[in-house]
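Here the structure is laid out as structure tokens; the discussion comes afterwards.
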Amino acid sequence: AQEEWGDWLSMQEVALDFQNDPWERLSIFGQIARNQEQNQNDARSAMHTWARAFSQEYGNHDVRNELERLAEQESAWQELVGAYEDGIDDYDDVDGGMDILRRLADVYESRLSDVDQAIHSYDRIVSLNENDVEAYNALVRLLDPVHRAPDMVAVLERKIDLADEA
């Protein structure tokens with residue numbers, strides 16, 4: 001059975017190499033991932049396959065949902081942020097990109113306890129939309145006023161400017 005699985009997987013990989021239609025490629029990735037997870041009991045490989053699909057179709061919510069589901073199931077948060085980080089610079093939808101950045105910030109903070117990376121994600125949001133009050137509020141909450149005083153001052157000044165503009 002393992003040999004048959006290997007043969008099937010090899011055929012699917014060849015099909016991916018020759019398939020140019022993005023929807024067909026997503027279908028093949030989905031077949032591979034579902035087989036990895038359900039038939040091979042290998043959720044980590046399935047997550048890797050969904051990450052490959054995400055790298056080619058960043059805006060596909062079904063792919064993103066599968067990545068999120070497997071990250072939760074497997075506590076594979078580092079793999080999730082890796083997939084998101086790999087694709088964020090190529091994301092051509094600003095709103096979708098900001099949504100991914102918010103999710104990155106949340107995962108860095110709440111799942112990986114990496115405040116510096118969460119701050120970096122919120123900084124990236126602010127660079128895309130300097131009027132994003134939610135991102136500024138998060139930065140105020142996360143920035144350490146003792147060690148990052150200049151950053152805190154800049155964020156608070158921008159929040160004051162935004163309040164004056166409102």
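Only a predicted model underlies this, so the values are computations on that prediction, with no experimental measurement involved. Residues take their numbers from the sequence shown, with the count starting at 1.
- Between Tyr84 and Phe54, the distance separating the two ring centers is shorter than 6.0 angstrom.
- At least one side-chain heavy atom of Glu130 sits less than 4.5 Å from a side-chain heavy atom of Tyr136.
- Between Trp77 and Arg103, the shortest heavy-atom distance links the atoms CZ3-NH2, 3.5 Å.
- With no hydrogens or angles considered, no side-chain donor-acceptor pair links Gln56 and Arg52 at under 3.5 Å.
- With rounding to the nearest 0.5 angstrom, the CH2 atom of Trp8 is 8.5 Å from the CG atom of Asn39.
- Residues Tyr122 and Arg141 have side chains in contact (heavy-atom distance under 4.5 Å, counting atoms from C-beta outward).
- Between Glu72 and Arg69 there is no salt bridge, since no side-chain nitrogen of the basic residue lies less than 4.0 Å from a carboxylate oxygen of the acidic one.
- Residues Ala135 and Ile125 share a closest heavy-atom pair of CB-CG2, 3.8 Å.
- Met11 and Ile32 fall into different hydrophobic clusters, where Ile, Leu, Val, Met, Phe, Trp and Tyr residues are linked whenever their side-chain heavy atoms come under 4.5 Å apart, directly or through other members.
- The two atoms that bring Arg34 and Ser27 nearest to each other are NH2-O, 4.3 Å, heavy atoms only.
- Contact detail for Ala46 and Ala33: the closest heavy-atom pair is CB-O, 3.4 Å.
- Side-chain contact check for Glu85 versus Leu104: some heavy-atom pair is nearer than 4.5 Å.
- Expressed to the nearest 0.5 Å, how far CZ of Arg111 lies from CG of Asp106 amounts to 7.5 Å.
- A donor and an acceptor atom, one from each side chain of Gln40 and Ser45, are nowhere located under 3.5 Å apart.
- Residues Leu128 and Leu101 meet the side-chain proximity criterion, which asks for heavy atoms closer than 4.5 Å.
- Here Arg102 does not pair with Asp99 in a salt bridge; the nearest charged N to carboxylate O distance is not below 4.0 Å.
- Rounded to the nearest 0.5 Å, atoms CG (Asp123) and CG (Leu142) are 10.0 Å apart.
- Here the side chains of Asp116 and His120 are not in contact, with every heavy-atom distance at 4.5 Å or above.
- A distance of 4.5 Å separates CE of Met98 from CG of Asp132, quoted to the nearest 0.5 Å.
- The pair Glu37-Arg44 does not count as a salt bridge, with every side-chain nitrogen at least 4.0 angstrom from each carboxylate oxygen.
- From Glu24, atom CD reaches atom CZ of Phe29 across 12.5 Å, with rounding to the nearest 0.5 Å.
- Side-chain contact between Gln12 and Gln31 is present, with at least one heavy-atom pair separated by less than 4.5 Å.
- For the atom pair CG (Asp42) and OG1 (Thr49), the distance works out to 8.5 Å, reported to the nearest 0.5 Å.
- Using a 4.5 Å cut-off on side-chain heavy atoms (C-beta onward), Ile88 and Arg124 make contact.
- In summary, the side chains of Arg64 and Tyr58 do not present any donor paired with an acceptor at a separation below 3.5 Å, with no hydrogens or angles considered.
- Across every non-hydrogen atom of Ala53 and Leu26, the tightest pair is CB-CD2, 3.8 Å.
- Val107 has its side chain out of reach of Asp114: every pair of non-hydrogen atoms, C-beta onward, lies at least 4.5 Å apart.
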Residues Leu112, Gln117; criterion side-chain contact (heavy atoms from CB on, under 4.5 Å); working and verdict = CA-CA 9 Å; Leu112 297 174; Gln117 282 299 100; over 6 Å; no

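- A salt bridge does not link Arg25 to Asp17: none of the charged side-chain nitrogens sits closer than 4.0 Å to a carboxylate oxygen.
- For Trp50 against Val63, the heavy-atom pair with the smallest separation is O-CG1, 3.5 Å.
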